[in-house]
Enquirer: 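Dropping a structure here in structure tokens format, bear with me for questions.
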Amino acid sequence: MLKENLQEVEKKIQAACERAGRDRSEVTLIAVSKTKPVEDLMEIYDAGVRTFGENKVQEMCDKMERMPEDIKWHMIGHLQRNKVKYIVDKVALIHSVDSFRLAEEINIQAKKRGIVVPILVEVNIAEEETKFGVTRDDAIELVKQIATLDGIQIKGLMTIAPYVVDSEENRGFFRKIKELSIDIMNQNIDNVDMDVISMGMTGDYEVAIEEGATMVRVGTGIFGKRDYSKV
Ligand SMILES: *Cc1c(COP(=O)(O)O)cnc(C)c1O
């Protein structure tokens, strides 16, 4: 059942890549498994997925302990500073860095362990009040500040687009993120890559790929609806 969902998503990713003249290898599918039981994750793992996204530190750590070691775990949710220490050396990428204070804590914990932590800067491109992330205008300044911390490597940008019924409504936002990433790249800031653009969820990942996403975060489309009452 979940395998069929995955195949469907995979087909749509391939079609979107083709429409955009992009190679499938340019886009990483992150299976967003928050609230879902390990059995569901294992079904997707057995189908070949090795990249999972979670938004809560405790839940992620529990699942890490119970699942194979070759999985790359992505922290995609809002991260509290006091929890950074639990995941900093366990995650492949932190998508949700939206303040210098959070970056400083990641840097402290990274240096304690002698590692460099890859992160994305989260941009609230539609400037929705309910969402985390810096505004487009503040993003460049934040990137420059974080670039001074040598325990962190900035890999790119992440955004959560508004919830919409018609994914076309988000095309303009995705385009703006791509433009911002090019603007930042052109500034040639030391310690900053803009290789990653993490955007697109179940409702809009195809449009996101057409507009340049290199990582899409798909939950519902693979695992089905989430039941928050069980969490
Ligand atoms: C839950 C979540 C997703 C996945 O959302 P779906 O609509 O279920 O695909 C993607 N990104 C973030 C940051 C999330 O919290």
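Atom set for the values below is all heavy atoms of this structure, side chains included, hydrogens, waters and symmetry mates excluded. Atoms within a ligand are numbered from 1 in the order they appear, just like the ligands themselves.
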Enquirer: Does a side-chain N-to-carboxylate-O contact under 4.0 Å join R19 and E210?
Expert: yes
Enquirer: Anything under 3.5 Å between an N or O on ligand 1 and a protein N or O? List each pair with its distance, or write none.
Expert:
residue: ligand 1; atom: 8 (O); partner: T220; partner atom: N; Å: 2.8
residue: ligand 1; atom: 8 (O); partner: T220; partner atom: OG1; Å: 2.5
residue: ligand 1; atom: 8 (O); partner: R226; partner atom: NH1; Å: 2.8
residue: ligand 1; atom: 8 (O); partner: R226; partner atom: NH2; Å: 3.1
residue: ligand 1; atom: 9 (O); partner: T202; partner atom: N; Å: 3.0
residue: ligand 1; atom: 9 (O); partner: T202; partner atom: OG1; Å: 2.4
residue: ligand 1; atom: 9 (O); partner: G219; partner atom: N; Å: 2.8
residue: ligand 1; atom: 11 (N); partner: R217; partner atom: NE; Å: 2.8
residue: ligand 1; atom: 15 (O); partner: K34; partner atom: NZ; Å: 2.6

Enquirer: Any salt bridge linking K3 with E43? Criterion: basic side-chain nitrogen under 4.0 Å from a carboxylate oxygen.
Expert: no
Enquirer: Any salt bridge between R81 and E104, counting N to O under 4.0 Å?
Expert: no
Enquirer: Could you give the side-chain donor-acceptor pairs of residues 138-149 under 3.5 Å, partners two or more places apart or in another chain?
Expert:
residue: D138; atom: OD2; partner: T135; partner atom: OG1; Å: 3.3
residue: K144; atom: NZ; partner: Q187; partner atom: OE1; Å: 3.3
residue: T148; atom: OG1; partner: Q145; partner atom: O; Å: 2.6

Enquirer: Do L29 and Y205 have side chains that approach each other closer than 4.5 Å (heavy atoms only, starting at C-beta)?
Expert: no
Enquirer: State whether K63 and E59 are salt-bridged, where the test is any N-O pair (Lys NZ or Arg NE/NH1/NH2 against Asp/Glu carboxylate O) under 4.0 Å.
Expert: yes
